[in-house]
J.: 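To start, I am sharing the structure in question, which I have written as C-alpha cells.
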Amino acid sequence: MKYQADTIEKKWQQYWDENNTFLVDDKGKQKFYGLVEFPYPSGDGLHTGHLRSYTAMDVLCRYQRMQGFQTLYPMGFDAFGLPAENYAIKTNTPPKITTEKNISNYIKQMKDIGLSFDWDRSFSTTDPDYYRWTQWIFIQMHKQGLAYKAKENINWCTSCKIGLANEEVVSGACERCGGEVVKQEKEQWMLKITEYADRLINDLEQVDFLPQIKKQQVDWIGRSEGAEVQFKIKDSQEILEVFTTRPDTLFGATFMVVAPEHIAIHQLEGKISNLAEVKKYIVAAKKKSDLERADLNKDKTGVELKGLKAINPVNNEEIPIFVADYVMMSYGTGAIMAVPGHDQRDYEFAKKYNIEIRDVVMPVDGEVRDGEEYRETISATIQRKSDGKFLLLKWKKFNWLAPVIGGIEEGETPEQAAEREVLEETGYKAKAIKRLGNKTEEHFYAENKDVWRYRVDNPILLELDDESAQDISDTEKAKHEIIWLSEKEALQSVSHEYNKIGILIYLDKYGAYGGEGRAINSGEFDGLLTAEFKQKIIKWLEKNKLGKAAVNYKLHDWIFSRQRYWGEPIPMVNCDKCGWVAVAEDDLPIELPDIKDFKPTDDGQSPLAKAEDWVKTECPSCGGQARRETDVMPNWAGSNWYFIRFCDPKNNQELIDKKKAEYWLPVDWYNGGMEHTTLHLLYSRFIFKFLYDIGVIPKKVGSEPYKKRTAQGMVLGEGGIKMSKSKGNVINPDSYVSRYGADTVRMYEMFMGPFDQSIAWDDKGVAGIYRFLNRAWDLQDKLDEKADNVDINNVLHKSIQKVGEDIVAMRFNTAIAQLMILANALEKQDKINNEVFEKFVLILAPFAPHMAEELWSELGHKDSLAHEKWPKYDAKLAQDELVTIGIQVNGKVRSEIELPHDTEPSEDIKKQILEQDKIKKYIEDKELIKFIHIKNRIISIVVK
RNA sequence: GCCGGCGUGGUGGAAUUGGUAGACACGCAGGACUUAAAAUCCUGUGGCCGUAAGGCCGUAUCGGUUCAAGUCCGAUCGCCGGUACCA
C-alpha cells in the first residue's frame, strides 16, 4: 500500500484532538515542562523558523512522554503589538478582529504540523482574563515602589507625532516616514529593574543556559565597580561628580569632560566666557542620533568651557573642563575625569586638543615573586633609514626574537648603556635619541640565565651613525644573529608583548596603556600595584569626603509606557487631589475600550486619550473626579510571565495556584530564538523574581524561571540568504506540508543541520526525507512474526541508544542519520520480526508521529503510541563485538586488524601484528622504537 | 574597534572529544525495470598516479606540540553572529 501522507496525517490529528492525547494534569510523579516562545500572530502565518523551534521541542516532549514524564507542552499568542495597530490605522479594522483571524490561522497551521500542544491551556495575551493579571502584577510593583513615573527622553518623530523605539530611528530619521526625530522629554512609567541587577547576574549560576546566553545577560546588565569622585569647580560652590572604574589613575586626570546634556553647563553658564560657542556645540550634538554619536570611526569633538576650572582632588591641580559628545548622559554621572595616559578615548581627545598626557601607571607584566633577580635594563629601538626595517636579535638557543636588551652598568645613563649594548651585540654604532615612554616592569623566567628576573626596562630610540656594522666578538655571534624586519614582521614575530612597546611607541601605535601596573607620578601612592592602589585611594577619598566606592550598571530602569492603543492599559488613575493612584484590584481587568480612530493625537498622546468616556473615572482613593492613564504597556508586558499562567490558565481567583506552581515550575527546558535571549529573558527573569519575592511563586520553586535555555539557528532561504519578503525568498511551510506531508517537513527541519546553526533551506533535501519516509513505510510489507533478525541486533540496539541520547542533546540531525542506518539495515532483511519493527516505529515516532501512529495501529495496537514506553536497549548488544582498528607505522595507517571489543594489549597481539606482511614491509631492517596499543582505538608503531 | 563562533568532498554535514577523516543525506555517473519518461531499485563517487595490487596528497593558510592533530597551541586570511565611545 502506498503511503498517503495527507489522509493519514489528518486522521491522527483528529484522533489526538478527540482523545485529548496531549492534555495533562498535575498528577504524575515526574513532570517535564517544555516551553517554546509563543508567537506574535502576524498576517503572514507561521514561518520555517517557528517550525524549527516548535518541532524540536515537540520531538523532545514526545520523547519525554515516552520516558513516563507528565509532559506539559503549551502554546499561546503574544498578540498585542504594532502590526495589528498599524493595520488598524490604515484600514480601520479593529486590532481585535485582525488578531482573532490570525490566531485561528496559526492554530490551524500548528495542528497541521502535528505539534503535541495541550490546547486546553492556550490563551492570548490580549484576553482580558489574561491581561487582568498582567495589570495586577503592575499594581503589585507599584505597591512595592518598583513602578514609578519619571521624565525620560524619548525619540520623537516630528512628522508622525509618535514616540519611537531606538530601533525605529535610522540615522536620525523616522524609519517609516523619514521625518526628523528629536529627543523629547515625556513622563513615563518606569520599572525598577536595576534593583534586581545583582541578583540577575548572580543567579545565572543556578541555571543551565548556553554560555553565550549567560554572557549576553551579564554584558547587558554591565556591572562595573569603581568609585564616585567629586571634583570642585574653582571659585564656585558647584561640584562635578564622576564615576570611574580606575580611581588608581586619578593623578593622571588632566581634564574633565561633561556630556552636552549635563546640567552643570546650565548652572555655570554665567562663568563660561565662550558661552555662544558652547551652546552651538550643544545644539549640534542634540541633533545627532544616538547611533551617530556612537559611531566610533568619527573624530572626537568638543569645546572647552572657558573660564571654568576643576580641581583635581588628589593633587589640587587646576584642570580644564570640556563639553564633548563622546561622554553620554545616560551612563554614570554624565561627566568624566579624563585620563589620557590610560584611556584610549581620552588619549585621542587630548592629542587633538593638545592637553597634557600624564602617565601614572607603569605597565607590569608577569607576577611579582620571591627570589627574583632585579635588573634595570634598556631596550633599543632602531629603524634603518634605507628600507625602514627594525634591528632585532634572533637568539639561537632559545627561540626568541627581541630587540637589543642589556643591563645598565654602574655610573652609566640608560642612553649610554643603550649605545654600548648595541655596539657590543650587533657591531652597529648608534646614537641614543630619546626615551620611548616611561619605564616598564616585567617579571619572567630568564631562560638564558636560568633565573627568575624582575626587570625594569627603559625603551630607548637610537639612530645608526651609518648602516655598516663592525665585527663583533665570537661569543656574541654564537648567541644570536642579527636580523632586520619590517614593521609588520617585527610586530608579528617579536616574542612577548612587552618587547614590542618601544617599537609601538615609536610608531605612535601604543596609545593609552589601559592595563594593570605600578603607580608612578602619584605622590604618596607611588609604587603601589593597581589593585592595592584602588583600595587605598577609595579609603583616602572617603576619609576626605571627596568620594566613595560605587557600582554602576549599564542597565537602566525599564521604560514601561507606550503612547499606543493595542496594549494592556496601565491600571493607574490620576486624581487632582491624590495624584497617581492604582486601580482597585477588584476592578481588574481594565479593559481596552473599543475606539474608532486609531491614530495618536496631535500632541503625541495615546489614541486612548480620545476615548473621553473611558478616560473619565472616579479616584479609587477619594472618589473624586479623576482620569485614567492613557498610555499602554509595551509588548514585553504580556510575554514576560506567560509561562507561569500555562500552569493554571483558567484560575480567576489568583494568578496561579500555589500547588500548581510547585508542581510545574520552573520550566525545565526553554527553547527559542537567539534574538530573544537578551531582553525577553532578562525581563521575564526579573518579573519572576519579583513574583517570588511577593510570594506568588512558592519558595520551593526558587527564583529562576527557566532551568535550561537553548536557542536554534536561523532558517535561511535557498542559497544561504536571509529570508525576506522584499527578496521574495520566503519559504512557506504550508506548501511543503501539502506536498509532502507534515512528517517530511518536521523531519527535514530536524535533519538539515546542527540545531544551533543557521542553515539554508534546500528543496532537494526535503525530497530526500520524503523518500526515506516512504521506504520506512514500505518496510511493513516484510513483517513476519517468525522472522529472526539476530544479525541486526547490534544496529537496532545501537540505534535505540543513539536516537535517545541525541534527542536530549538536541543532535537531531545525527539521530535521524541513525534512523536511516537502521532503516537501511531492515531493508536488507528478507523478513522483519514484528517486535523488531515495533521498536523502530517507536523511536521514529517523535520525528514522524503521524506515520508512526499509523504503523503502530497496523501492528495491531488500539491506542496511540504517544504514551508507550521508549524501548530499552541492551548495552551489550549495542556494542560492536569486533572492532576494526587501524595500524599505523610512523604515523601513517598501513594496515588494520579486527579484535574483539575491549581486547587488552598483549604480547600475543603485538607479535601477530609485527608478523603481518603489510607491516613487515615497513619495519624490516629498522629498529622498533615504540609499540603503542590503545584499546579499541589504534595501534601505533614507531621505527627508525 | 571589541567580544563570541566557525572554516572538512560538487552540496548539507559526520567523526566515540587527541586515535583508520568524509557516517547519513543531497547531487552526479553507470546499470536494471519501461515502448519511453517519471518513480523505484542496484553499483560507484575526496584529488592525483596506476589495468590492478598499491602508492602519494588531502579538514582555509603557515608554523609548533605529540607515537598520533579536523580536534590542542601560536600567527595569518576569510566568513557569520553580537555589541557600540560604558568612563
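The chains referred to below are lettered A, B, ... by the order of the sequence lines, with proteins before strands, and numbering in each begins at 1.
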J.: Please give the distance between the P atoms of B/U16 and B/A23 as a whole number of Å.
T.: 15 Å
J.: Would you say a side-chain N or O of A/Asn813 is under 4.0 Å from OP1 or OP2 of B/A14?
T.: yes
J.: Checking contacts here: which listed nucleotide (B/C3, B/C26, B/A87) is nearest the side-chain heavy atoms of A/Lys215?
T.: B/C3
J.: Measure from the side chain of A/Ser940, starting at C-beta and using heavy atoms only, and say which of B/G4, B/A84, B/G19 lies closest.
T.: B/G19
J.: Considering every strand and a 4.0 Å limit on heavy-atom distances, what is the contact class for A/Lys935: base, sugar-phosphate, or nothing?
T.: nothing
J.: Counting C-beta onward and ignoring hydrogens, is there a side-chain heavy-atom pair between A/Val551 and A/Ser224 closer than 4.5 Å?
T.: no
J.: May I ask you to say what A/Ile759 touches in the nucleic acid, namely base, sugar-phosphate or nothing, with a heavy-atom cut-off under 4.0 Å?
T.: sugar-phosphate
J.: What is the nucleic acid contact for A/Tyr922, judged by heavy atoms within less than 4.0 Å: base, sugar-phosphate only, or nothing?
T.: sugar-phosphate
J.: Taking the C1' atom in each of B/G46 and B/C42, what is the distance between them to the nearest angstrom?
T.: 23 Å
J.: Looking at the side chain of A/Lys764, which of B/G27, B/C67, B/G54 is the nearest nucleotide?
T.: B/G27
J.: Taking atom P in both B/G63 and B/C57, compute the distance separating them and give it to the nearest angstrom.
T.: 15 Å
J.: Between B/C67, B/A14, B/A87, which nucleotide has the shortest distance from any of its atoms to the side chain of A/Thr814?
T.: B/A14
J.: Quick check for you: among B/A21, B/G27, B/G55, whose closest atom lies nearest to any side-chain atom of A/Val893?
T.: B/A21
J.: Quantified in whole Å, what is the C1' atom distance between nucleotide B/U76 and nucleotide B/G7?
T.: 14 Å
J.: Tell me if B/G9 is syn or anti. Syn = glycosidic torsion within 90° of 0, anti otherwise.
T.: syn
J.: Taking the minimum atom-to-atom distance to the side chain of A/Arg894, which one of B/A25, B/A14, B/G55 wins?
T.: B/G55
J.: Between A/Lys300 and A/Tyr326, is NZ or CZ placed under 6.0 angstrom from the six-membered ring centre and within 45° of the ring axis?
T.: yes
J.: Does a side-chain N or O from A/Lys892 land closer than 4.0 Å to OP1 or OP2 of B/C57, or not?
T.: yes
J.: Distance between the C1' atoms of B/A21 and B/G1, in whole angstroms?
T.: 38 Å
J.: For B/A29, give the paired nucleotide (Watson-Crick: N1-N3 plus N6-O4 or O6-N4; G-U: N1-O2 and O6-N3; both under 3.5 Å), or none.
T.: B/U43
J.: Is the phosphate of B/U40, meaning OP1 or OP2, less than 4.0 Å from a side-chain N or O of A/Arg775?
T.: no
J.: Counting side-chain heavy atoms from C-beta on, which of B/C67, B/A87, B/G13 comes nearest to A/Val942?
T.: B/C67
J.: Among the nucleotides B/C85, B/C67, B/U40, which one has an atom lying closest to any side-chain atom of A/Asp325?
T.: B/C85
J.: If you find the nucleotide of RNA chain B closest to A/Lys921 and the one closest to A/Pro754, which residue's nucleotide is nearer the 5' end?
T.: A/Pro754
J.: Looking at A/Tyr922, does the NZ or CZ of A/Arg894 lie under 6.0 angstrom from its six-membered ring centre and within 45 degrees of the ring axis?
T.: yes
J.: Looking at A/Arg345 and A/Asp343, does any basic side-chain N land under 4.0 Å from a carboxylate oxygen?
T.: yes
J.: How would you label the glycosidic angle of B/U66: syn (within 90° of 0) or anti?
T.: anti
J.: Would you measure the distance from the P atom in B/A52 across to the matching atom in B/A14 and give it in whole Å?
T.: 34 Å
J.: Can you tell me the base-pairing partner of B/G4? Count Watson-Crick or G-U wobble geometry only, both distances below 3.5 Å, and say none if there is no partner.
T.: B/C80
J.: Could you tell me the Watson-Crick or G-U partner of B/A69, where both distances fall under 3.5 Å? Say none if there is no partner.
T.: none
J.: According to the interplanar angle, ranging from 0 to 90°, do the rings of A/His680 and A/His676 count as parallel (below 30°), tilted (30 to 60°) or perpendicular (above 60°)?
T.: perpendicular
J.: At less than 4.0 Å, is any side-chain N or O atom of A/Asn824 found next to OP1 or OP2 of B/A25? Yes or no.
T.: yes
J.: For B/C62, give the paired nucleotide (Watson-Crick: N1-N3 plus N6-O4 or O6-N4; G-U: N1-O2 and O6-N3; both under 3.5 Å), or none.
T.: B/G74
J.: Between B/U16, B/G13, B/C67, which nucleotide has the shortest distance from any of its atoms to the side chain of A/Arg937?
T.: B/U16
J.: Select from A/Ala335 and A/Glu896 the residue whose nearest nucleotide in RNA chain B is closer to the 5' end of that strand.
T.: A/Glu896
J.: Side-chain donor or acceptor of A/Lys300 under 3.5 Å from a matching atom on the base of B/C85?
T.: yes
J.: Between B/U40, B/A68, B/A25, spot the one nearest the side chain of A/Gln888, thanks.
T.: B/A68
J.: Below 4.0 angstrom, N of the basic side chain to O of the carboxylate: do A/Lys798 and A/Asp880 qualify?
T.: yes
J.: Can you tell me the Watson-Crick or wobble partner of B/U20, both distances under 3.5 angstrom?
T.: none
J.: Inspect the contact between A/Arg52 and A/Glu749 and indicate whether a charged nitrogen and a carboxylate oxygen are less than 4.0 angstrom apart.
T.: no
